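Keep in mind that this is a model prediction, so the values were computed, not measured.
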Amino acid sequence: MESIYERIEHLIGEREMTKKAFCQQLKISTGNLGDWKRGKSIPSTNKLIEIASFFDVSLDWLAIGRPSKESMVREKREDYFFDVLRQFNCQQSELSTEEQSFISEFIEFTRYRKAKESRKSDEFRYTEHPKPEADESV
């Protein structure tokens, strides 16, 4: 399976559900699904996360077709960061440009979502307002 759409189609088939039912459950228009099939567009990062969660598959596999294997994790007896900037040491040279781009987009999406959730919780925080005083002139 080479494309994201082919992997999604495979998962739909494994679950023995119709594409229409899949679209309804995940709130995807059939037009979008058709665009994914024709290669006109791909699912957003947010939608990929939802789809991976729905089918209980790794985001890695869904997005780029890489199997999720524990053997791919490289444990070394060294700091997980390097440089003065304290960047993650993710063996970046082993990632394709497409994979690096996807990871960058995912990190930005996560930051955006975290900021949005933080703003929402601030808006809904309960604060007690003082009661207006009765007008004594009456």
Side-chain angles (χ1 to χ4, degrees):
M1 287 174 271
E2 295 180 17
S3 73
I4 292 171
Y5 175 79
E6 289 172 325
R7 288 185 287 278
I8 292 170
E9 192 173 52
H10 171 76
L11 294 168
I12 292 169
E14 271 190 347
R15 182 116 1 138
E16 297 180 355
M17 64 189 313
T18 65
K19 291 177 186 173
K20 184 176 181 179
F22 164 74
C23 288
Q24 288 173 338
Q25 288 207 2
L26 287 164
K27 296 178 177 59
I28 299 168
S29 75
T30 53
N32 277 346
L33 188 65
D35 286 347
W36 299 348
K37 181 177 184 173
R38 291 184 293 281
K40 289 179 75 176
S41 66
I42 59 170
S44 67
T45 305
N46 186 33
K47 196 51 73 176
L48 284 172
I49 293 167
E50 288 179 39
I51 294 168
S53 177
F54 180 78
F55 288 113
D56 195 26
V57 296
S58 76
L59 188 56
D60 226 15
W61 178 81
L62 184 61
I64 58 176
R66 180 183 287 176
S68 180
K69 296 180 182 175
E70 289 182 349
S71 63
M72 293 176 69
V73 177
R74 291 166 177 76
E75 289 292 330
K76 298 179 183 176
R77 294 199 165 265
E78 62 184 39
D79 196 1
Y80 283 104
F81 299 93
F82 67 95
D83 252 5
V84 178
L85 298 176
R86 308 272 305 151
Q87 296 173 327
F88 286 108
N89 182 2
C90 297
Q91 295 83 23
Q92 193 170 16
S93 62
E94 296 177 18
L95 299 175
S96 71
T97 305
E98 182 182 4
E99 291 167 327
Q100 291 176 23
S101 175
F102 177 81
I103 291 168
S104 295
E105 183 181 343
F106 179 75
I107 290 170
E108 286 305 312
F109 166 76
T110 304
R111 287 181 180 145
Y112 165 79
R113 191 166 145 194
K114 187 174 181 179
K116 187 176 178 182
E117 288 173 0
S118 177
R119 285 192 302 270
K120 276 186 180 179
S121 68
D122 288 344
E123 291 173 8
F124 294 111
R125 203 172 276 157
Y126 176 78
T127 55
E128 189 173 326
H129 299 286
K131 294 180 181 177
E133 295 181 23
D135 190 3
E136 295 178 14
S137 61
V138 178

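Taking hydrophobic clusters as Ile, Leu, Val, Met, Phe, Trp and Tyr residues chained together by side-chain heavy-atom distances below 4.5 Å, F109 shares a cluster with L48. Residues V57 and I51 are members of one and the same hydrophobic cluster, defined by side-chain heavy-atom contacts under 4.5 angstrom among Ile, Leu, Val, Met, Phe, Trp and Tyr. Clustering ILVMFWY residues whenever any of their side-chain heavy atoms sit less than 4.5 angstrom apart, transitively, puts F54 in the very cluster that holds I28. Under the 4.5 Å side-chain heavy-atom criterion for grouping Ile, Leu, Val, Met, Phe, Trp and Tyr, L62 is connected to M17 within one hydrophobic cluster.
By the side chain to side chain donor-acceptor pair (under 3.5 Å) test, Q25 is found to be paired with no residue, residues two or more places apart in sequence or in another chain being considered. With sequence neighbours excluded, the residues that form a side chain to side chain contact (heavy atoms under 4.5 Å, CB included) with S44 are N46, K47. Every residue meeting the side chain to side chain contact (heavy atoms under 4.5 Å, CB included) condition with F106, not counting sequence neighbours, appears here in chain and number order: T45, I49, L59, T110. Residues that satisfy the side chain to side chain donor-acceptor pair (under 3.5 Å) test with K19, not counting sequence neighbours, are Y5, E9. Considering only residues two or more places apart in sequence or on other chains, K20 meets the side chain to side chain contact (heavy atoms under 4.5 Å, CB included) condition with T18, Q24. Remark: F55 engages F22 in a ring pair (Phe, Tyr, Trp, His ring centres under 6.0 Å) (not counting sequence neighbours). In this structure R113 satisfies the salt bridge (charged side-chain N to carboxylate O under 4.0 Å, His left out) test together with E117, sequence neighbours excluded. Under the side chain to side chain donor-acceptor pair (under 3.5 Å) criterion, E16 pairs with no residue at all, not counting sequence neighbours. Under the rule for a side chain to side chain donor-acceptor pair (under 3.5 Å), the partners of E108 that lie at least two apart in sequence or sit in another chain are R111. A search for side chain to side chain contact (heavy atoms under 4.5 Å, CB included) contacts involving D35 returns N32, R38, K40, S41, not counting sequence neighbours. Under the rule for a ring pair (Phe, Tyr, Trp, His ring centres under 6.0 Å), F102 has no partner lying at least two apart in sequence or in another chain.
Across every non-hydrogen atom of I64 and E99, the tightest pair is CD1-OE2, 3.2 Å. Between C23 and S29 the shortest heavy-atom distance is SG-O, 4.2 Å. Here the shortest heavy-atom pairing between A63 and I4 reads O-CG1, 3.4 Å.
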Subject >> Residue pair E14, H10: steps toward the side-chain hydrogen bond (donor to acceptor under 3.5 Å, both in side chains) verdict >> reply: CA-CA 6 Å; E14 271 190 347; H10 171 76; 3.0 Å; yes
